[in-house]
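Report on the following structure.
Only heavy atoms go into these numbers, but all of them, side chains included; no hydrogens, no water, no symmetry mates. Within every chain, numbering begins at 1; the chains are lettered A, B, ... in the order of the sequence lines, protein sequences first and strands thereafter.
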Number of protein chains: 2
Amino acid sequence: MSARAPAPGAAAPAMTMSDIARLAGVSESTVSRALHDSALIAEATRRRVQQIARDTGFTINQTAASLRSRKSNLIAVLISLVHEKNQHVSDPFMMAMLANIADALSEAGYDMLLSKVSVHQEGWIEHVFRARQPAGAVLIGQSFEHASIERAARAGLPLVVWGARLRQQSYVTVGTDNVAGGALATAHLLASGCRRIVFLGKPELPEIALRLKGYRQAHREAGFAVAEELLVPCGFDPAAAAAACAGLAQGGLRFDGVVASSDVIAINAVRALRAVGRLVPEDVAVVGFDDVEMAAYVTPALTTVRQDLARGARLLVEKLLAVVAGQSVRSVVLPAELVVRETSRAAASHGSPRG
Amino acid sequence: MSARAPAPGAAAPAMTMSDIARLAGVSESTVSRALHDSALIAEATRRRVQQIARDTGFTINQTAASLRSRKSNLIAVLISLVHEKNQHVSDPFMMAMLANIADALSEAGYDMLLSKVSVHQEGWIEHVFRARQPAGAVLIGQSFEHASIERAARAGLPLVVWGARLRQQSYVTVGTDNVAGGALATAHLLASGCRRIVFLGKPELPEIALRLKGYRQAHREAGFAVAEELLVPCGFDPAAAAAACAGLAQGGLRFDGVVASSDVIAINAVRALRAVGRLVPEDVAVVGFDDVEMAAYVTPALTTVRQDLARGARLLVEKLLAVVAGQSVRSVVLPAELVVRETSRAAASHGSPRG
DNA sequence: TTGTAAGCGTTATCAC
DNA sequence: GTGATAACGCTTACAA
């Protein structure tokens, strides 16, 4: 029921290449080449060395190998949460993103190094590269770090970012078409009769700014003006969302629709509205963003803009490996898809609603 | 919109300690000591060296450091999925566990290396330790790997496992009281009137075996016999669960309750039952295991046995760091808690039901 | 309090 | 094809 602390050094002293070399009667260099399937090595030697390695359970020490060769099959996944005090990795969207990347990386034969950066430090990206020598890095979310990312990318560090494609950025992004997503959500509410639609989110974040742009665009196209008092700031973490939504429900603001910048926010909004006796979707229709797994299961089921994370993660990894390989790579914008469920009424017309 | 592939070597040639040493007019060893706040170094020297390091954005190359010192602040998180072909990291339970561990590790100042092992290889645990030199490893789930884990632990590798505490194991585990959990779920159904309760799960897995033990125990204590045909094998991945549950719903088996070995299985069971017109909880009451976030949101909301993952993750990390530090550490069994929601009727009595 | 020098386990370079 | 030998960037006796 209790485990002895392992005596320091109790672990079998790990084999090294020189051990294998001795056992095989060859030099270390030959062992190295044989284990890497070098074309230089004689077939027989290769086989013998590999057999011995297998029998003895020898594993190349990647720490040493990557120190010398300046290569590694490690990919860093960087989560920047400087903009949110309370957003943990356990945020449903982050979790899903992470899991999908983990699956994609492990299929590609890479190990994944997870670093959560919560304090902004100059050069934190460079820091990770220098400290751990990953082959490349995936950043989840631009947060407020556009400048840092830009600098790291210009310095030649191989990285790929999940987020918004911005003008003149020199790093590769993979992300959803946020403008279209915001427009889709808004047009849907307008088409179903809403006229005063709250936008819940932090437009300081690049992705949210684009969704808001879509919100404005949909209003313009439908011939409606945007009432600026309906733009309500709201963070991603559950507490911030709950607070903002409670304020929304109780405040004197008049509104009949909500476009939230994430599903977590949307779900909190629905809850807050119902708590003060407003019916969803009859009094207020709500649309989320992300389509996290939960969205389909809540009651009423959440209408939302779907981001295809499985595809996004695969693309992130694919693009990153191309960047690492020195290829020229283009950013990708994935289509946004509206998933209509129960927090909104089906629109009369599904086409782009003009008036 | 497109990013140039970084010219090889475009990245600023990383500074090394010898650069810092030159700039500071001291030796490399002094730099090393200064950066590690060694008591040996003169305060003035320490300050000067640290200042230069900060100004130049120097970061210790952990790859080199850990090669030399045989230490690292990297913790490997190993997910063994050999028992499930289709269980991805994106499984809700895995995701939640992972996210919680990531949060706990980053709070403790450790980076996390994620390795998903899906092909069983002799000595895979030793392999990771040799290849990456982590300070320690957290294993999520024992799967069928008890023997491998046991061997690695005996070899002195610092590791901690989420899973079942077994007799005479020499590794440390943190996990839920699975026997109590299984008993709690079963007793609840018996108390609410169920008499033929299906157990859905793979008893070959240590944790499931214990939950099944609890299932039997609850029957015994309530004075009922267990009908062996009600023990239905079922894997964790959604496809396997759906298949097993569909079979369950359509087969000629007579039953009025289900104890599932995970929430994902339980939710699939509910869905399958409703699809063939059986009412939950009126015709069949269902209890899950885990209390994943979704459980509270599905309709009808799932009655389940809660595992406290936030606490579990914190304990895993805490225990592992103690093991790494060479302390003697005891396994932990966390209490299981029944959360009654809508897929079961509230029991007449909440005490241990004897008859 | 600081410097010198050896070496962690691998791979790259050059010679044979 | 194979083997010496010298790094990679750091830590750590041991010396001073």
Show every donor-acceptor pair shorter than 3.5 Å between a side-chain atom in residues 57-65 of chain A and any protein atom, with sequence neighbours excluded, or say none if there are none.
{"residue": "A:Thr59", "atom": "OG1", "partner": "B:His127", "partner atom": "ND1", "Å": "3.1"}
{"residue": "A:Asn61", "atom": "OD1", "partner": "A:Thr63", "partner atom": "N", "Å": "2.8"}
{"residue": "A:Asn61", "atom": "OD1", "partner": "A:Thr63", "partner atom": "OG1", "Å": "3.4"}
{"residue": "A:Asn61", "atom": "OD1", "partner": "A:Ala64", "partner atom": "N", "Å": "3.1"}

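Using a 4.0 Å heavy-atom cutoff across all strands shown, B:Thr63 reaches no nucleic acid atom at all. Residue contacts for B:Leu67: at a heavy-atom cut-off of 4.0 Å it reaches a base atom on one of the strands shown. Here B:Ser27 lies in heavy-atom contact (under 4.0 Å) with a base.
Applying the side chain to side chain donor-acceptor pair (under 3.5 Å) criterion to A:Asp55, with sequence neighbours excluded, gives A:Gln51. Scored by the salt bridge (charged side-chain N to carboxylate O under 4.0 Å, His left out) test, B:Arg47 finds B:Glu43 as partners (sequence neighbours excluded). Residues passing the side chain to side chain donor-acceptor pair (under 3.5 Å) test with A:Arg22 are A:Asp19, sequence neighbours excluded. Judged as a salt bridge (charged side-chain N to carboxylate O under 4.0 Å, His left out), and not counting sequence neighbours, B:Glu28 has no contacts. For the side chain to side chain contact (heavy atoms under 4.5 Å, CB included) test, residues two or more places apart in sequence or in another chain that qualify with A:Ala42 are A:Thr45. With sequence neighbours left out, A:Ser72 forms a side chain to side chain donor-acceptor pair (under 3.5 Å) with no residue at all. Under the side chain to side chain donor-acceptor pair (under 3.5 Å) criterion, B:Gln50 pairs with B:Asp37, B:Arg46, sequence neighbours left out.
In the 5' to 3' direction, nucleotides of DNA chain C lying under 4.0 Å from heavy atoms of chain A begin and end at C:dG9 to C:dT13.
Put simply, CG on B:Leu320 and CG on B:Leu105 are 8.0 Å apart, with the number rounded to the nearest 0.5 Å.
When all heavy atoms are compared, the tightest approach of B:Leu74 to B:Arg132 is CD2-O, 4.1 Å.
Between the C1' atom of D:dC10 and the CZ atom of B:Arg70 lies a distance of 13 Å, rounded to the nearest Å. The nearest whole Å value for the distance from the CG atom in A:Leu40 to the P atom in D:dG3 is 13 Å.
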B/S/- contact track for nucleotides 11-16 of chain D, protein heavy atom under 4.0 Å: BBB---

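Side chain of B:Glu207 to main chain of B:Gly141: no donor-acceptor pair is present (N/O by atom type, distance under 3.5 Å, no hydrogens or angles). A distance-only check finds a donor-acceptor pair linking the side chain of B:Arg48 to the backbone of B:Ala24 [under 3.5 Å].
Position along DNA chain C of the nearest nucleotide to B:Gln133 versus B:Thr30 favours B:Thr30 as the more 5'-ward residue.
Within residues 46-55 of chain A, no residue places a heavy atom under 4.0 Å from DNA chain C.
Taking five base pairs at each end of the helix from C:dT1-D:dA16 to C:dC16-D:dG1 and finding the rotation axis that steps the C1' atoms of four pairs onto the next four gives two axes whose angle is 30°, to the nearest 10°.
Among the candidates A:Arg154, A:Glu150, A:Arg151, A:His146, the single residue satisfying the side-chain hydrogen bond (donor to acceptor under 3.5 Å, both in side chains) test with A:Tyr171 is A:His146.
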